[in-house]
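To start, the structure itself, in structure tokens.
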Amino acid sequence: MKCRVCREPAVIDIRRHNANFCAEHFLRHCRDQVQKAIEGHGMLTEGDRVLVAVSGGKDSLALWDLLLDLGYDADGLYIGLGIGEYSDESGRCTRAFAERRGARLVEVDLRTEYGFDIPSGSRAARRAPCSACGLSKRHVFDRAALDGGYDAVATGHNLDDEAAVLLGNVLRWQTEYLGRQQPVLEARPGFPRKVKPLVRLGEREMAAYCVLRGIDYIVEECPMAAGNRHIGYKEALNAIEERSPGSKHAFYFGFLERAADRFTAEAEQDRDELRPCATCGAPTPGEECAFCRLVARATRD
Ligand code: AMP
Ligand code: FES
Ligand code: ZN
Ligand code: ZN
């Protein structure tokens, strides 16, 4: 197995590109793919201040590392979700990375800031942990980016994540979600721009990237997510990819090129009907936003 670029021994093969790379050219490949995604989708422009949402996992730490190396002004945002040992360890990995790179890390702890954590709060509010968690993260991303004057929030969603979410949305024809499933969502009142610069890279590539760069990340998945639907979609797509490499890429990028536009009108319409939340001011279709309602239910006795 030889590197496609220099013919030296390769350390990784990427079947969907029909290519093998040595360590040096693999790292370059990752940078090139991120740059291509950023430019191709108009995610960031020079001088943008970026807030990278970092979970302590391989994807978001690799993303932060890549954006810093590409010269972006990128600070990290870590949200303490209070999920026992999993959160302790993910916080440690994130802080260690920030320190090693001399990068600025913004931290928001749900319990300190809002009086609940995901395990007990989701129980009290009678909501599935992952749904309470997703809602909280989105709210905190928006707030932290707007308060800090950032131009964009970047998340570590990779090709495997996006293809799995797309499969889930298509299986149920959730057209309003399909209308929003874009690698870039432009800023609008109350919302910062959201970007996903890793959409051209897969999970396996991100793990290899961290190993080669010596980045210590939390390997365990969140214990509350075990057995959720999303994991089943990933397994199904992996089985398809195994038989025909390139399927995930074709599925996701084919959607962006040929189908995504058809669903945007519906998503736009939802946005036009938003007004400020009575409690926190975030845009919402109702009187009070879903996050403030979650806080109220999660913190009641
Ligand atoms: P997930 O929803 O766990 O699949 O994570 C999706 C993305 O959200 C990650 O790639 C990160 O960019 C971000 N993220 C997840 N957990 C956290 C966290 N605790 N703090 C900050 N960002 C996070
Ligand atoms: Fe949110 Fe697991 S990371 S429930
Ligand atoms: Zn090489
Ligand atoms: Zn609110």
Side-chain angles (χ1 to χ4, degrees), residues 50-67 74-95 97-98 105-111 113-114 117-123 127-145 152-162 164-165 168 190 194-199 201 203 206 217-218 220-231 233-234 274-296:
V50 189
L51 187 61
V52 188
V54 190
S55 67
K58 61 190 184 323
D59 304 300
S60 47
L61 283 174
L63 172 63
W64 197 6
D65 193 59
L66 283 157
L67 290 178
D75 294 347
L77 166 66
Y78 174 74
I79 305 171
L81 303 166
I83 308 176
E85 182 51 33
Y86 168 78
S87 288
D88 297 341
E89 182 60 18
S90 58
R92 269 197 292 278
C93 291
T94 306
R95 286 177 212 112
F97 176 87
L105 178 65
V106 178
E107 292 202 43
V108 177
D109 184 70
L110 282 187
R111 180 156 280 293
E113 211 76 29
Y114 298 101
D117 55 38
I118 295 301
S120 61
S122 59
R123 228 178 298 122
R127 252 188 113 126
C130 289
S131 113
C133 177
L135 173 60
S136 306
K137 284 191 284 203
R138 285 191 297 276
H139 182 90
V140 175
F141 293 167
D142 293 349
R143 164 96 325 147
V153 173
T155 52
H157 295 97
N158 59 37
L159 177 60
D160 295 71
D161 296 321
E162 292 305 288
V165 171
K194 305 258 177 63
V195 302
K196 299 173 181 170
L198 297 184
V199 286
L201 291 161
E203 206 138 86
M206 297 336 295
Y217 64 90
I218 179 158
E220 293 78 55
E221 298 288 336
C222 168
M224 313 219 80
N228 78 7
R229 265 194 209 141
H230 189 71
I231 294 177
Y233 298 149
K234 277 196 174 171
L274 302 182
R275 55 202 170 118
C277 164
T279 308
C280 75
T284 171
E287 183 68 24
E288 194 176 42
C289 78
F291 179 71
C292 287
R293 280 183 277 133
L294 170 68
V295 174

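As the structure is a computational prediction, the values presented were derived from the model and not from experiment. Each ligand, and each atom within it, is numbered from 1 in the order the structure gives.
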- Query: Is the shortest heavy-atom distance from the side chain of Leu61 to the side chain of Met206 under 4.5 Å?
  - Reply: no
- Message: So Asp117 and Leu110, do their side chains get closer than 4.5 Å, heavy atoms only?
- Response: no
- Item | Non-hydrogen side-chain atoms of Thr155 and Phe141 separated by less than 4.5 Å | yes
- Item | Heavy-atom side-chain contact between Ser55 and Lys137 under 4.5 Å | no
- Task: Could you tell me whether the side chain of Ser122 and the main chain of Pro119 form a donor-acceptor pair under 3.5 Å?
- Result: yes
- Mind jotting down which protein residues get a heavy-atom contact under 4.0 Å with ligand 1? Chain and number order, please. Ala53, Val54, Ser55, Ser60, Leu77, Tyr78, Ile79, Leu81, Lys137, Phe141, Thr155, Gly156, His157
- Interatomic distance, OG@Ser90 vs CD1@Ile79, rounded to 0.5 Å, equals 11.0 Å
- Identify the protein heavy atom lying closest to atom 2 (Fe) of ligand 2, giving its residue, its atom name and the separation to 0.1 Å. Cys222 SG, 2.2 Å
- Message: Holding to ring-ring contact (aromatic ring centres under 6.0 Å, His included), I want the full list of residues that pass it with His139, two or more places apart in sequence or in another chain.
- Response: Phe291
- Query: For atom 1 (Fe) of ligand 2, what is the nearest protein heavy atom, given as residue, atom name and distance?
  - Reply: Cys133 SG, 2.0 Å
- Message: To check you understand the geometry: which heavy-atom pair defines the closest contact between Ile83 and Pro223, and what is its length?
- Response: CG2-CG, 3.8 Å
- Query: Ignoring waters, how many protein N/O/S atoms are under 2.8 Å from the Zn ion (ligand 4)?
  - Reply: 4
- With side chains defined as the heavy atoms from C-beta onward, is the minimum distance between Asp59 and His157 less than 4.5 Å? no
- Message: Show every side-chain hydrogen bond (donor to acceptor under 3.5 Å, both in side chains) that has at least one partner inside residues 279-294, sequence neighbours left out.
- Response: Thr279-Glu288
